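These notes are about the structure you will find just below.
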2 protein chains.
Amino acid sequence: MFEGFYKYTEQIVSFTEKEKAIIEGAFTFRQVPKKFKLTEEGKIARELYFINKGLVRLYYTKDGEEITGFIFKEHLFASSYDSLLRQTPSIQTLETLEDCELLVITAKALEELYEAIPKMQVLGRKVAEQRFINGQMILSSFILDSPEERYKKFVAQHGDLLLRVPHHIIASYLGITPVSMSRIRKRMSE
Amino acid sequence: MFEGFYKYTEQIVSFTEKEKAIIEGAFTFRQVPKKFKLTEEGKIARELYFINKGLVRLYYTKDGEEITGFIFKEHLFASSYDSLLRQTPSIQTLETLEDCELLVITAKALEELYEAIPKMQVLGRKVAEQRFINGQMILSSFILDSPEERYKKFVAQHGDLLLRVPHHIIASYLGITPVSMSRIRKRMSE
DNA sequence: TCATTCCATTAACAATTGTAAAGAAAATGC
DNA sequence: GCATTTTCTTTACAATTGTTAATGGAATGA
């Protein structure tokens, strides 16, 4: 249950058996079906999710359209992060793309974990930094790359998601319409 | 010299006179002319800058073109943040847009300040959060808004910069060409 | 197993932005 | 004060993407 979690955190900090016991007590295991909203727009995010299995996406809505901001794979922490940080209503929705197996912790329990285990501060900071860096990479790609270049990079880094995620969701994540993405794919296969 | 700094930090934490003395000893005051590169692409960012006066921009280069990622005004902390966090070579350049008056602290001195004054952890975390949130706002605008909408929002939030920053730099920050921005400005004034 | 829904591609036309160049005004530097 | 450089707008044409609709195949659910 915590194998994936420790495989990930071991790269950052090592926990003793005692610390692991405390950590495991702070999380709950949850199986969630696809298309389930973990955090809704307009509501405050109160939980953080470690993905053992499945996919989760973060999206915005505008004029009735859903526009994907991020897709979280296994072994990532998923959340509507700014809402979690500030405890303000989220402008995003966090929703499962597949049936998921998650390790869930509340914001409150996380604070208590920070108090109880100082090493958690390091892990928390690393997770936050990674989150910032992910956002910077996406933003710089929007700034620097054409839609076709964004698609190419996506394929290079997350090609497996083409098989798991509907293309219209990937298109919205790349900032283009499904029609445009289809044209790009056709151009690239010629 | 530190008035602006404390005006900003007082919203987050209050420092005692003793703490202020330590803080002031960790920073240096620097006057920097416009078009000066504070951090260069390919180099590691080793300093953080509080802007007392002036403007600083963060930009990327691609195919010989400079594309602006952020513009820092007075009373903000400027840096090539991911390079500073990870101590890896930056993919961005940090450069002054006007003659500036900066309070400068090195990454090393900042770490020491964190050790010496626990309240600095809170400030540091808040600054990091604000940085993440800024990035999210820009990214979500790229995702959700057309170039015209981005221009409108920019004017609403930073209209003063239209007088201080060359329009071609603002255009690149908004992800469009100067010609397109000129067309948008014309359309909006009709 | 079949009806319904969802997904992906394609076509036609519209809209917006990019590119290149020109010209005028403002800013800069000697 | 003047020459040079930079900035900004405009124009003409090109390119890419958006929009709408249609079609066929895959997935889903009863």
Side-chain angles (χ1 to χ4, degrees), chain A residues 33-36 54-55 57 59-68 71 95-99 141-155 159-190, chain B residues 33-36 54-55 57 59-68 71 95-99 141-155 159-190:
Chain A
K34 87 190 263 186
K35 283 193 191 303
F36 182 85
L55 292 171
R57 73 167 172 145
Y59 67 85
Y60 304 83
T61 58
K62 178 175 187 189
D63 305 326
E65 299 237 336
E66 293 172 5
I67 303 177
T68 298
I71 300 170
E95 182 176 287
T96 54
L97 278 174
E98 296 178 339
D99 293 344
S141 186
F142 265 87
I143 289 171
L144 297 172
D145 298 324
S146 66
E148 181 158 329
E149 287 168 322
R150 292 207 286 279
Y151 178 78
K152 279 172 175 166
K153 282 184 172 176
F154 180 84
V155 169
D160 58 300
L161 293 185
L162 285 171
L163 304 175
R164 295 174 70 184
V165 179
H167 287 194
H168 65 89
I169 288 183
I170 295 173
S172 80
Y173 174 59
L174 298 175
I176 55 178
T177 63
V179 176
S180 295
M181 184 160 133
S182 205
R183 289 185 187 121
I184 289 170
R185 282 164 57 79
K186 183 175 182 181
R187 277 208 301 278
M188 282 175 64
S189 68
E190 279 165 359
Chain B
K34 83 189 265 185
K35 282 193 192 301
F36 182 85
L55 293 170
R57 73 168 170 145
Y59 67 86
Y60 304 82
T61 57
K62 177 176 187 189
D63 304 326
E65 298 238 335
E66 294 173 4
I67 303 178
T68 299
I71 301 171
E95 182 177 287
T96 54
L97 279 173
E98 293 177 344
D99 292 345
S141 185
F142 265 87
I143 291 173
L144 296 172
D145 299 324
S146 65
E148 182 158 327
E149 286 166 323
R150 291 205 288 279
Y151 178 77
K152 280 171 173 165
K153 281 182 171 173
F154 179 85
V155 170
D160 58 299
L161 292 186
L162 285 170
L163 305 174
R164 296 173 70 188
V165 179
H167 287 193
H168 65 91
I169 288 182
I170 294 174
S172 81
Y173 173 58
L174 298 174
I176 55 180
T177 64
V179 177
S180 293
M181 184 161 132
S182 208
R183 288 185 185 122
I184 288 171
R185 281 166 57 80
K186 185 175 181 181
R187 276 207 301 277
M188 280 175 64
S189 67
E190 279 165 1

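Source: prediction; values computed, not measured. Below, chain A is the first sequence line, B the second, and so on; all start at residue 1.
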For each nucleotide in nucleotides 15-22 of chain C, reading 5' to 3', give B when a protein heavy atom comes within less than 4.0 Å of its base, S when such contact involves only the sugar-phosphate, and - otherwise.
-> --BBBB--

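To the nearest angstrom, P of D:dT17 lies 17 Å from CD1 of B:Ile143. Note: NE2 (A:His168) to P (C:dA8) measures 6 Å, nearest angstrom. In this structure, A:Arg164 atom CZ and D:dA27 atom P are separated by 16 Å, rounded to whole Å. The nearest whole Å value for the distance from the NZ atom in B:Lys34 to the C1' atom in C:dG29 is 13 Å. Separating the CG atom of B:Leu162 from the P atom of D:dC8 is a distance of 10 Å, rounded to the nearest angstrom. If you take NE2 of A:His167 and C1' of D:dA27, they are 14 Å apart, rounded to a whole angstrom. Distance B:Leu174 CG to D:dC8 P: 13 Å, rounded to the nearest Å. In this structure, CD of A:Glu66 is placed 12 Å from P of C:dC6, rounded to the nearest angstrom.
Salt-bridge check for A:Glu148 with A:Lys152: passed, with a basic side-chain N closer than 4.0 Å to an acidic carboxylate O.
Counting only distance, with no hydrogens or angles, the side chain of A:Thr96 and the backbone of A:Phe36 share a donor-acceptor pair below 3.5 Å. Proximity of a side-chain donor or acceptor of B:Asp99 to a complementary backbone N or O of B:Lys34 within less than 3.5 Å is detected. Proximity of a side-chain donor or acceptor of A:Glu149 to a complementary backbone N or O of A:Ser146 within less than 3.5 Å is detected.
Residue A:Lys153 qualifies as open at atom NZ: its count of foreign heavy atoms under 6.0 Å is 12 or below.
Of the candidate nucleotides C:dC7, D:dT9, D:dT10, D:dT10 has the atom lying nearest to any side-chain atom of B:Lys186.
Atom CZ in B:Arg183 sits 10.0 Å away from atom CD1 in B:Ile176 (nearest 0.5 Å).
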